[in-house]
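Step one of this worksheet: look at the structure below.
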Amino acid sequence: MQPQRVLSEESSPTPDAAEGRIPQRPELLAPGVALLEILPDEDLFGYLKRARGGFEPRLYQQLLGAANAFKEGDASIGVAAADARSRDNARLLLARTRVGDLHAHPPLEDRLHVFMTEAIDTEAQALTADWTLGRLKDFLLSAEEAAVKSVCAGLGSDVIACAVKLMSDAELTALGSKVFHPLPGSHLGARGYLGARIQPNSPTDHPDDIRWQVFNGWSFAVGDVVLGTNPVSSSPTSVAAVEAALHDVLVTFGLEEVMPHCVLAHIDVQARVEELQPGTTGIWFQSIAGTDAANGTFDVTLEKMVEYAARRTGRFGLYFETGQGADATNGQHGGCDMVLLESRKYGFARALKRRVALARVGAGHEAEPWVHVNDVAGFIGPEVFRTREQLVRCCLEDIVMGKLHGLMIGLDICSTLHMDVTLDDLGWCQDQIAPASPGYLMALPTRNDPMLSYLTTSFQDHVRLRERWGTRVDDRMWAFFQQLGVIDAQGRPTEHFGDPRWVYAQYRRRKGDTRPDAELRAEAERGMAEVHARSVALAVGHGARPWEMVAGLEQEVRGHYEDAKAGIWTELSPRFIETISQAVRLRTQAVDRRDYILHPVSGERLEASSVSRVEALRLRREARWDAQIVISDGLDPRSLMDEGHLGPFLEALRRELEAHDYRVAPEHLVVSYGRVRAGYQVGELLFGDAADPLPRALIHVVGERPGSGHHSFSVYLTAPSGKGWTGAPRPVDHDLTRVIAGISDTSVRPEDAAREALRILGELCRG
């Protein structure tokens, strides 16, 4: 038979054009991967031998990536298929490839790969070694759940990723709805159940904001997996206060053995809080990545995670968060596509779960550990993927990969304000994904997170999904919600459904408060008003149906959404820049704001004339400064331009620094279309000196993504030595940086942020 003729490798058509989309900036996308030809019955390794004379690692990575459904993140690193025909051919080659050959040829070999293999059952691995990926796919779709689990115990993460690449959305849904790994002693993650992580985020880490959102979720009979707060500040003192607030709620209601709480600070900080306040932390959290290098940007090492796993001998173990694209956006993808890297994260989690099980056995407990993963699917932005269809595909892939790794996996079905996914689209996405049976979803008062400024799942979305798909919450929490009085014996909403004031009253009663109901209700009204004044929404009541928001709240949420869309496309005003003392104007390589939004890498490096300007600044300075302030517009320039934001912060910051003998450069470097890594380049240009052992601080002010209504900015603080700024012993990146987020006149006050910046710089400089 004659070979099928297709385009050559790295031909010119862009993935956007191939998919029928109009490319925004095709010259910034790596050329698509296209196959020269494939022969009948040829597999991946046969193709590599014929095309390159033998195994060629980079082409191997590209062929694996070309089998993926199209996403912008794969295109940006040169592993997306050039067109649909090339994708089909890549999948044909993959389907004909033996599982054992894939095991023998890992697309990325690092210490993480070695660690992941320890969790693979070698006997089960031998059973499928001679199978092709096509046969494996057919087996996974046709076999019973127990048989699938027994085979998957022997599959490596690379093989699991490759099997998923061959499946349609419908096939992924069918497989996801067949395999379940409930957490021990519960129905969390079981068939017919859909749990919730209440995410009670506060732009100021205010304990009352956090408590009231928990009361709010429970008023809708939502929240059974974990109470998990993303902190603004990662200082042990602040994290301890939030941990204590969450712990208090669970203890007051007698739920501390039913569900855990968690403050999603770095795991080092959580461990420190446990040392300071024994017994107040719940499950321990950590974001993980798919390569050694990417984990390094999270300040995560294998040794560290193994040591922490060995300490988790109690009821609640470890909680991981992942998400396609994080490795690529950190520049640490190792040449691999997003599906493959995401699967490696689940392999990492599986191996750590095994270590937790061993630790429990060593402590005299049953082996089964309470370990789960949350896939934060759309948090990064359009550089990873842009559309609602891609969001659904990503979630389905990740559900299946997590389950095939033996994990209970939840989802954050989410999007940022600069993606092509609207508030209404999220409901559509939820309905496409729910039949694949994720273990749990996020849960907030509305779809808008008041601190992280992104769109996700609301309390009332859970009510709607339960009604439509017939799912339940964990039985123990369902009984608690009935006891609480928000649902009746049949599970129907009562008059207290959606009323956090009622839950607050029960909280006070549990604490022995005997005041009259009217007094408690009045106190609740005052507390809720204070929470709302800090721009944290609460969902009080419901519309005609229990899953519908009241009209006023609906309008408020849509107002935040429209405001955020306007902020994304706002330009930093030249007139405003003129108000900044001794401003030196710089710009990155982004052509315009659209380029900057859709291609983040364009905002990470300065354009040539700006590099020259910084180099000239260094040459003409007579003194060696300890610190340099850089200001970048970021994703919402209004956060800098609003009255009472940047000006008070700079004034207070300089006052604090000079009072503590920092020598601060007089100029403010103002970067248009700037991202955090643009600041690192400025630091390299200004401070890099192999002979300088002293710390040199870069204070980088960046406009945050909009959506919370606060128009907040962040401050990134980095202070290696002059030698460190040269890139020795390793390049300056996020792992060397501390951040203060949520700064505005309505959240973290600029003056308070300046004092916190001084404290953090002191820690970094003492380092």
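Heavy-atom basis, side chains included; hydrogens, waters and symmetry copies ignored.
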So which of Asn295, Asp375, Thr322, Asp327 actually passes side chain to side chain donor-acceptor pair (under 3.5 Å) with Lys345?
-> Asp327
Just how far is it from atom [atom1] of [X] to atom [atom2] of [Y], taken to the nearest 0.5 Å?
{"X": "Trp725", "Y": "Asp692", "atom1": "CH2", "atom2": "CG", "value": "12.0 Å"}
{"X": "Arg759", "Y": "Ile740", "atom1": "CZ", "atom2": "CD1", "value": "8.0 Å"}
{"X": "Met338", "Y": "Thr329", "atom1": "CE", "atom2": "OG1", "value": "10.0 Å"}
{"X": "Gln286", "Y": "Leu352", "atom1": "CD", "atom2": "CG", "value": "10.5 Å"}
{"X": "Arg654", "Y": "His668", "atom1": "CZ", "atom2": "NE2", "value": "3.5 Å"}
{"X": "Leu717", "Y": "Leu698", "atom1": "CG", "atom2": "CG", "value": "8.5 Å"}

Report yes if some heavy atom in the side chain of [X] is under 4.5 Å from a heavy atom in the side chain of [Y]; otherwise report no.
{"X": "Lys304", "Y": "Asp299", "result": "yes"}
{"X": "Arg677", "Y": "Tyr716", "result": "no"}
{"X": "Val300", "Y": "Met305", "result": "yes"}
{"X": "Trp370", "Y": "Pro260", "result": "yes"}
{"X": "Ser672", "Y": "Leu586", "result": "no"}
{"X": "Asp110", "Y": "Arg344", "result": "yes"}
{"X": "Leu761", "Y": "Pro695", "result": "no"}
{"X": "Glu321", "Y": "Leu264", "result": "yes"}

Shortest non-hydrogen contact between [X] and [Y], atoms and distance:
{"X": "Asn201", "Y": "Gly228", "answer": "OD1-O, 4.4 Å"}
{"X": "Val748", "Y": "Ala753", "answer": "CG1-CB, 4.2 Å"}
{"X": "Asp633", "Y": "Gly674", "answer": "OD1-N, 3.0 Å"}
{"X": "Ile77", "Y": "Cys336", "answer": "CD1-O, 3.2 Å"}
{"X": "Arg534", "Y": "Asp208", "answer": "NH2-CB, 3.8 Å"}
{"X": "Pro666", "Y": "Trp625", "answer": "CD-CZ2, 3.6 Å"}

Strictly by modelled atom types, are [X] and [Y] linked by a side-chain donor-acceptor pair under 3.5 Å?
{"X": "Ser747", "Y": "Thr204", "value": "no"}
{"X": "Glu243", "Y": "His261", "value": "yes"}
{"X": "Glu704", "Y": "Ser714", "value": "yes"}
{"X": "Thr416", "Y": "His418", "value": "yes"}
{"X": "His700", "Y": "Ser632", "value": "yes"}
{"X": "Asp636", "Y": "His711", "value": "no"}
{"X": "Ser612", "Y": "Glu615", "value": "no"}
{"X": "Thr280", "Y": "Glu274", "value": "no"}

Thinking salt bridges, do [X] and [Y] make one under a 4.0 Å N-O criterion?
{"X": "Arg621", "Y": "Glu667", "value": "yes"}
{"X": "Arg738", "Y": "Glu756", "value": "no"}
{"X": "Asp689", "Y": "Lys723", "value": "no"}
{"X": "Arg638", "Y": "Asp563", "value": "yes"}
{"X": "Asp626", "Y": "Arg696", "value": "yes"}

Within 45° of the ring axis of Tyr596 and under 6.0 Å from its six-membered ring centre, is that where the NZ or CZ of Arg675 lies?
-> yes
For [Y] together with [X], are the ring centres under 6.0 Å from each other?
{"X": "Phe320", "Y": "Tyr346", "answer": "no"}
{"X": "Tyr319", "Y": "Trp284", "answer": "no"}
{"X": "Tyr680", "Y": "His734", "answer": "yes"}

Test side-chain hydrogen bond (donor to acceptor under 3.5 Å, both in side chains) applied to Tyr454 and Asn448, step by step = CA-CA 6 Å; Tyr454 78 121; Asn448 184 61; over 6 Å; no
Is the backbone N or O of [Y] less than 3.5 Å from a side-chain atom of [X], with the two atoms forming a donor-acceptor pair by type?
{"X": "Arg663", "Y": "Arg624", "result": "yes"}
{"X": "His645", "Y": "Met641", "result": "no"}
{"X": "Asp205", "Y": "Ser233", "result": "yes"}
{"X": "His266", "Y": "Asp268", "result": "yes"}
{"X": "Arg360", "Y": "Gly314", "result": "yes"}
{"X": "Asp248", "Y": "Ala244", "result": "no"}
{"X": "Asp745", "Y": "Gly644", "result": "no"}

CA sep, side-chain torsions, deciding dist, call: Thr718, Leu764, side chain to side chain contact (heavy atoms under 4.5 Å, CB included) = CA-CA 7 Å; Thr718 316; Leu764 292 173; 5.9 Å; no
More than 12 heavy atoms of other residues, nucleotides or ligands under 6.0 Å from CZ of Arg730: is that the case?
-> no
Are Arg197 and Gln199 close enough, and set up right, to give a side-chain hydrogen bond (donor to acceptor under 3.5 Å, both in side chains), and what steps lead you there?
-> CA-CA 6 Å; Arg197 167 198 154 189; Gln199 183 170 292; 3.3 Å; yes
Step by step, would you call Gln628 with Phe687 a side chain to side chain contact (heavy atoms under 4.5 Å, CB included)?
-> CA-CA 9 Å; Gln628 174 67 60; Phe687 295 136; 3.9 Å; yes
Start with the C-alpha distance between Asp412 and Thr456, add both sets of side-chain angles, then the distance that settles side-chain hydrogen bond (donor to acceptor under 3.5 Å, both in side chains), and finish with yes or no.
-> CA-CA 7 Å; Asp412 195 343; Thr456 184; 2.5 Å; yes
Decide yes or no on side chain to side chain contact (heavy atoms under 4.5 Å, CB included) for Phe649 and Val715, but give the supporting numbers first.
-> CA-CA 10 Å; Phe649 174 75; Val715 177; 3.3 Å; yes
May I have the step-by-step check of side-chain hydrogen bond (donor to acceptor under 3.5 Å, both in side chains) for Thr746 and Ser744, ending in yes or no?
-> CA-CA 5 Å; Thr746 57; Ser744 75; 3.2 Å; yes
Side chain to side chain contact (heavy atoms under 4.5 Å, CB included) between Leu250 and His247, intermediate numbers included = CA-CA 5 Å; Leu250 290 172; His247 186 244; 5.7 Å; no
